[in-house]
Amino acid sequence: SEDNNDKKAFGGRVGMTFLGRYDLVLSGMTDHWSDEGDASLRLLAFECATKQGLFNFPFFKQTNIKLGYLDNHIENDDAEETYLQEYNAYGYYSEVSYTMFRWLKLLYRFGGVDPNENIDNQMDQQNHNITGIYSVSRNLQLWAMYQWNLEQHGGEINNDYVMLKAIVVF
């Protein structure tokens, strides 16, 4: 099929900060990708986070949280299989971080994804990860992370992993 650039995607992101430390963000996008206009995508996401600690008290000043949810509605009348013609995909996460020292942060994250609510398979999964972030300088961070994945259907796939990375911040 030919490329069709007549149909455009529209999206946006709106965020607000409350009391200088709490962020709320709403994102959305809509798109049609077929010549007939019968295949479409709608994304809606919500995030909230603290950025200067939960509260202005010891321990809580160094603790931040993030929460997020994404809903993706897909319609594709051209799909041959019924379960691919209209479905929702979704994902979510929660994250807690604690800054032990100016140069060391610990992070725990839990999340999940279901790429098609009409299909139960090993792609439906939850995961946990624990990360240590060492700030060598203002411009260099070293991350060490362990992630374990929990497949929801069809048995466990041994796909947990360790990731080590260096990040240069400009």
Side-chain angles (χ1 to χ4, degrees), residues 4-5 7-34 36-54 63-99 105-133 141 143-163 165 167 169:
N4 180 355
N5 289 323
K7 307 281 191 239
K8 301 297 181 202
F10 295 97
R13 188 166 169 90
V14 176
M16 299 172 69
T17 299
F18 296 95
L19 304 174
R21 80 175 56 232
Y22 306 107
D23 288 340
L24 296 175
V25 179
L26 184 64
S27 305
M29 186 186 91
T30 184
D31 185 19
H32 293 276
W33 71 80
S34 72
E36 294 80 28
D38 56 357
S40 65
L41 163 74
R42 183 197 74 234
L43 290 169
L44 186 60
F46 173 76
E47 295 174 287
C48 61
T50 59
K51 60 183 184 180
Q52 295 179 6
L54 277 171
T63 304
N64 284 301
I65 61 168
K66 288 183 182 179
L67 303 169
Y69 181 80
L70 169 75
D71 181 65
N72 183 3
H73 182 78
I74 295 122
E75 292 181 17
N76 185 3
D77 293 339
D78 295 336
E80 292 179 21
E81 290 84 9
T82 306
Y83 64 88
L84 292 175
Q85 290 178 355
E86 183 173 357
Y87 62 94
N88 285 325
Y90 63 88
Y92 55 89
Y93 74 92
S94 60
E95 179 179 290
V96 176
S97 64
Y98 180 72
T99 304
K105 180 188 286 190
L106 298 177
L107 186 134
Y108 169 76
R109 184 179 178 115
F110 170 77
V113 64
D114 185 348
N116 185 333
E117 68 179 359
N118 296 332
I119 304 170
D120 291 335
N121 62 19
Q122 291 173 326
M123 298 300 290
D124 305 345
Q125 59 181 267
Q126 294 176 334
N127 58 60
H128 302 263
N129 74 49
I130 297 174
T131 305
I133 303 168
Q141 293 179 342
W143 289 45
M145 181 183 86
Y146 178 73
Q147 177 166 313
W148 61 102
N149 296 308
L150 306 168
E151 288 74 22
Q152 301 298 303
H153 309 283
E156 177 70 20
I157 303 171
N158 192 10
N159 61 348
D160 304 345
Y161 61 90
V162 172
M163 180 187 301
K165 63 183 176 180
I167 297 177
V169 180

Applying side chain to side chain donor-acceptor pair (under 3.5 Å), can you list everything that pairs with [X], at least two apart in sequence or on another chain?
{"X": "Asn127", "answer": "none"}
{"X": "Tyr90", "answer": "none"}
{"X": "Thr30", "answer": "none"}
{"X": "Glu47", "answer": "Arg13, Tyr93"}

Looking at every heavy atom in both [X] and [Y], which two are closest together, and how far apart are they?
{"X": "Asp160", "Y": "Asn149", "value": "OD1-N, 2.9 Å"}
{"X": "Gly53", "Y": "Arg21", "value": "O-NH1, 3.1 Å"}
{"X": "Ala45", "Y": "Leu26", "value": "O-CD1, 3.3 Å"}

Handout entry: Straight-line distance of Asp23 CG to Thr17 OG1, nearest 0.5 Å
Key =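 Here the interatomic distance stands at 4.0 Å.
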Problem - Inter-residue atom distance Asn72.CG - Asp114.CG, 0.5 Å rounding - result: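 So the gap between those two atoms works out to 11.5 Å.
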Problem - For Arg42, all residues meeting salt bridge (Lys or Arg N to Asp or Glu O under 4.0 Å), sequence neighbours excluded - result: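 If we apply the salt bridge (Lys or Arg N to Asp or Glu O under 4.0 Å) test to Arg42, skipping adjacent residues, the hits are Asp71.
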Handout entry: Those residues that, when tested against Tyr98, pass ring pair (Phe, Tyr, Trp, His ring centres under 6.0 Å) (two or more places apart)
Key =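 In terms of ring pair (Phe, Tyr, Trp, His ring centres under 6.0 Å), with neighbours along the sequence ignored, Tyr98 is linked to Phe59.
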Handout entry: Pairing residues for Tyr146 by the ring pair (Phe, Tyr, Trp, His ring centres under 6.0 Å) criterion, not counting sequence neighbours
Key =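 Listed in chain order: Trp148.
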Contacts of type side-chain contact (heavy atoms from CB on, under 4.5 Å), residue [X], not counting sequence neighbours:
{"X": "Phe110", "value": "Tyr92, Ser94, Tyr108, Gln126, His128"}
{"X": "Met145", "value": "Asn129, Thr131, Gln147, Tyr161, Met163"}
{"X": "Ser97", "value": "Asn64, Lys105, Leu107"}
{"X": "Leu24", "value": "Phe18, Phe46, Cys48"}

